[in-house]
Amino acid sequence: MTQTNQSPPLSQAAQRFLSRKDFKHFINGKSTPALSGKTFATYDPSSGAVLARLAEGEAEDIDHAVSCARAAFEGSWSRWTPYERQALLYRIHDVIDRNFEELAHIETMDMGAPISRTANYKPFVLKVILFFASQCGSVAGETLPNGFTGTMTMSLKAPVGVVGGIIPWNGPLPSQWWVLGGVLAAGCTAVLKPSEEASLSILRTVELLHEAGLPEGVINVVSGYGGTAGAALARHAGVDRIAFTGSTATGRKVIEASTSNIKRLQLELGGKSPNIIFADADLDKAVPAAGMGVFGNSGQVCYAGTRVFVQRPILEEFYARLVAFTKTIRVGVGFDPGTQLGPLISARQLDRVMGYVKLGSEEGARLIHGGERLGGSLAAGYFVSPTIFAGVENGMRIAQEEIFGPVVSVIPFDTIEEAIGLGNQIEYGLGGAVWTRNISTALTVVNGIHTGVMWVNCYGVIDPLVGFGGTKMSGYGAKGGRAHLDAYLYTKTVYIDL
Ligand code: NAD
């Protein structure tokens, strides 16, 4: 691992945006201060310096935003045809395309991911927008054969109403699109609550949506803390559906809050994904993919392959190769184009990750690489070296709990049955992968592992046409694929007396 440190060549557009320093909510098409007048600081994780101040939303701001979203839902937006919404999504696509460099730079400043990563979100985000544009015209009910009622029967699909989108900090620039796309394609309206740690790319995106012709009140953004603004959104009786992405612990609170008015929920929660490498795997591909499958975004990825199971005959070779690969990873400030890993999001997350590193050694795992907070020119930021624990047992806490940092647990196995058994011994069920040249081994593992997504000889590929989702305590509800839009609609059956 090498360190990089270079001063940021921020684009002029991002500089202009960030120079505002004080950011308000975006409600009903307008920049709107918190009703209490309160603000809070957001930080640059590469330096720990205050980057900007944000309006601190509370229940009354959520209430205001929800009533604007409701008015928009009941108003002229409800008369937009699918073609009109599709055309809007195409205009949004073009505006986002033109302004992507600014958005990527804002994201890098706000949450620390290197520009090599945030700039690469562009093809993905644009595909997600195109995917949802393509869905607008595909909303259809059914005409059903007459049964015994003497009536003609059919079903219609209708938008569920006001959606609350609660977004985490680990990639708000792409993450918000799973909510925005569904809302706009279905004809719903929304109030987004970004993470208090990283709100800025969402606040800029909502401005761009309005430049593309989005009517006021359709998408609103309220910044603020989870326990106040987030909780108020989750329990608000005027919200029909919550799309939540975040930790399993918070997801549970969102479920409890949803009982206020029996909200529909989509929950994309935590993970501790198994990445299973058989002795016949192509290690030239498997080792870097396993490394970046957990270290990418400094480990702050829900489907990170944090439990790497390695078949015993190749164990020592795998350790040697993974350490050698990890030494080539460049950690540093986000604007150096050579940087592959940036800082963790916050001092709190840094403490949490370092706590797990200490715990791993105490539990008896062998630390064979990393495990330090980086100093020197990076000392002010929240940088951790990519960390490898060898000889981990699946029952150890470092192998069971979501660390959300660049820490991998390598766990040996002998047989395919053992790998499947160990892979499933976890409360989560988000992602997983298998590396082998044997198709039967690959498909036996795919069938045997209980997760919402499995990769074969690759890791982390996501296509919105197919999408992904979780099972077990990683949540429910698809992101992408045919099921996504359906979840923003409800079914109305109609009986017509003939
Ligand atoms: P978090 O649960 O702390 O916060 C997520 C969001 O919920 C934030 O906007 C936060 O302000 C809000 N929130 C906090 N308390 C709330 C409450 N009581 N009611 C309503 N909202 C509340 O998660 P995080 O630390 O921001 O993100 C990391 C977690 O997100 C990890 O567990 C990760 O696995 C998960 N994640 C999952 C996916 C996925 O698709 N499965 C994707 C990204 C992140």
Side-chain angles (χ1 to χ4, degrees), residues 40 42 45 54 56-59 62 110-111 113 128 164-179 191-199 201-203 221-236 239 242-260 263 265-273 294 296-306 344-346 348-350 352-353 401-405 426-432 451-453 460 462 464 467-480 484:
F40 67 103
T42 187
L54 302 173
E56 187 179 332
E58 294 178 339
I62 293 290
D110 200 17
M111 64 76 60
V128 174
I166 303 179
I167 320 274
W169 44 258
N170 62 333
L173 175 52
S175 187
Q176 64 183 320
W177 282 100
W178 293 120
V179 186
V191 176
L192 301 192
K193 209 299 282 171
S195 164
E196 53 272 40
E197 309 279 8
S199 307
S201 63
I202 294 181
L203 284 166
V221 182
V222 174
S223 51
Y225 292 106
T228 46
L233 187 59
R235 70 169 176 266
H236 200 290
V239 173
I242 290 281
F244 172 79
T245 300
S247 62
T248 298
T250 308
R252 188 175 274 126
K253 291 182 190 163
V254 169
I255 294 170
E256 284 160 9
S258 74
T259 60
S260 64
K263 284 182 189 66
L265 296 177
Q266 176 201 26
L267 300 167
E268 299 293 337
L269 308 177
K272 192 82 184 175
S273 299
V294 57
N297 209 26
S298 298
Q300 303 166 116
V301 174
C302 49
Y303 51 74
T306 42
L344 296 170
I345 186 73
S346 62
R348 192 168 66 107
Q349 191 64 10
L350 176 74
R352 180 182 151 83
V353 171
E401 296 174 17
E402 189 179 43
I403 299 174
F404 229 55
I426 192 86
E427 64 187 15
Y428 295 110
L430 192 52
T451 59
V453 56
I462 304 280
F468 75 106
T471 183
K472 295 162 75 176
M473 282 176 66
S474 294
Y476 45 80
K479 282 182 168 168
H484 190 123

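Counting starts at 1 for both ligands and their atoms, in listed order. Below, each value reflects all heavy atoms present in this structure, side chains not excepted, and no hydrogens, waters or symmetry copies.
- Side-chain N or O atoms of His484 include none that pairs as donor or acceptor with a backbone N or O of Pro464 at under 3.5 Å.
- Here the CG atom belonging to Leu350 is positioned 12.0 Å from the CD1 atom belonging to Ile345, to the nearest 0.5 angstrom.
- Near Ser195, with a cut-off below 4.0 Å to any heavy atom, the atoms of ligand 1 are 8 (C), 9 (O).
- Crowding of Arg252 atom CZ: a count of heavy atoms from other residues, nucleotides or ligands under 6.0 Å not exceeding 12.
- Partner of Val294 under the side chain to side chain contact (heavy atoms under 4.5 Å, CB included) criterion, out of Val301, Thr306, Ile403: Thr306 alone.
- Atom 4 (O) of ligand 1 lies below 4.0 Å from none of the non-hydrogen atoms of the protein.
- With a heavy-atom cut-off of 4.0 Å, Tyr303 does not touch ligand 1 at all.
- With ligand atoms numbered from 1 in the order given, ligand 1 contributes 9 (O), 10 (C), 11 (O) to contacts under 4.0 Å with heavy atoms of Lys193.
- At under 3.5 Å, a nitrogen or oxygen of Glu196, whether backbone or side chain, sits near a nitrogen or oxygen of ligand 1.
- Checked by distance only, ligand 1 and Lys253 stay at 3.5 Å or farther apart across all their nitrogen or oxygen atoms.
- Under 4.0 angstrom from ligand 1, the non-hydrogen atoms of Asn170 all belong to its side chain.
- Nearest protein neighbour of atom 15 (N) of ligand 1, counting heavy atoms only, is Thr250 CG2, 3.3 Å.
- With distances taken over non-hydrogen atoms, the option nearest atom 29 (C) of ligand 1 out of Pro194, Ser247, Ala229, Pro172 is Ser247.
- For the pair Leu269 and ligand 1, the shortest N or O to N or O distance falls below 3.5 Å.
- Counting heavy atoms under 4.0 Å from ligand 1, residue Ser175 does not touch it at all.
- Distance check, rounded to the nearest 0.5 Å: OG of Ser201 to CD of Gln176 gives 5.5 Å.
- For the pair Lys193 (side chain) and Ala231 (backbone), a donor-acceptor distance under 3.5 Å is absent.
- Considering backbone and side-chain atoms alike, Lys479 places an N or O below 3.5 Å from some N or O of ligand 1.
- Below 3.5 Å of separation, one finds an N or O of Glu402 facing an N or O of ligand 1.
- In terms of protein heavy atoms, atom 6 (C) of ligand 1 is closest to Ile166 CG2, 3.6 Å.
- To the nearest 0.5 Å, the span separating CD on Gln349 from OG on Ser298 amounts to 10.5 Å.
- Annotation: Cys302 places no N or O atom under 3.5 Å from an N or O atom of ligand 1; distance criterion only.
- Taking CD1 from Ile166 and CG from Leu233, the interatomic distance works out to 5.0 Å, rounded to the nearest 0.5 Å.
- Atom 9 (O) of ligand 1 has as its closest protein heavy atom Ile167 O, 2.8 Å.
- With hydrogens left out, the protein atom closest to atom 28 (C) of ligand 1 is Phe404 CE2, 3.4 Å, a heavy atom.
- With respect to atom 17 (C) of ligand 1, the closest heavy atom belonging to the protein is Gly226 O, 3.4 Å.
- Atom CD of residue Glu197 and atom CG of residue Leu54 lie 10.5 Å apart, to the nearest 0.5 angstrom.
- Gln300 places no side-chain N or O within 3.5 Å of a backbone atom of Phe404 that could act as its donor or acceptor partner.
- Distance check: Ile426 CD1 to Lys472 NZ gives 7.5 Å after rounding to the nearest 0.5 Å.
- A donor-acceptor contact shorter than 3.5 Å is absent between the side chain of Asn297 and the backbone of Ala113.
- On a distance-only criterion, Thr245 and ligand 1 share no N/O pair closer than 3.5 Å.
- Residue, atom and distance of the protein heavy atom nearest to atom 27 (O) of ligand 1 are Pro168 CB, 3.4 Å.
- Listed by number with element, the atoms of ligand 1 under 4.0 angstrom from any heavy atom of Leu430 are 41 (N).
- Numbered from 1 in the order shown, with element, the atoms of ligand 1 that lie under 4.0 Å from a heavy atom of Glu268 read 37 (C), 38 (C), 39 (C), 40 (O), 41 (N).
- Within ligand 1, the atoms closer than 4.0 Å to a non-hydrogen atom of Ala231 are 19 (N), 20 (C), numbered from 1 in the order shown.
- Ring orientation note: the planes of Tyr225 and Phe40 are tilted relative to one another, at an angle of 30° to 60°.
- The N/O atoms of Thr248, backbone and side chain alike, include none that comes under 3.5 Å of an N/O atom in ligand 1.
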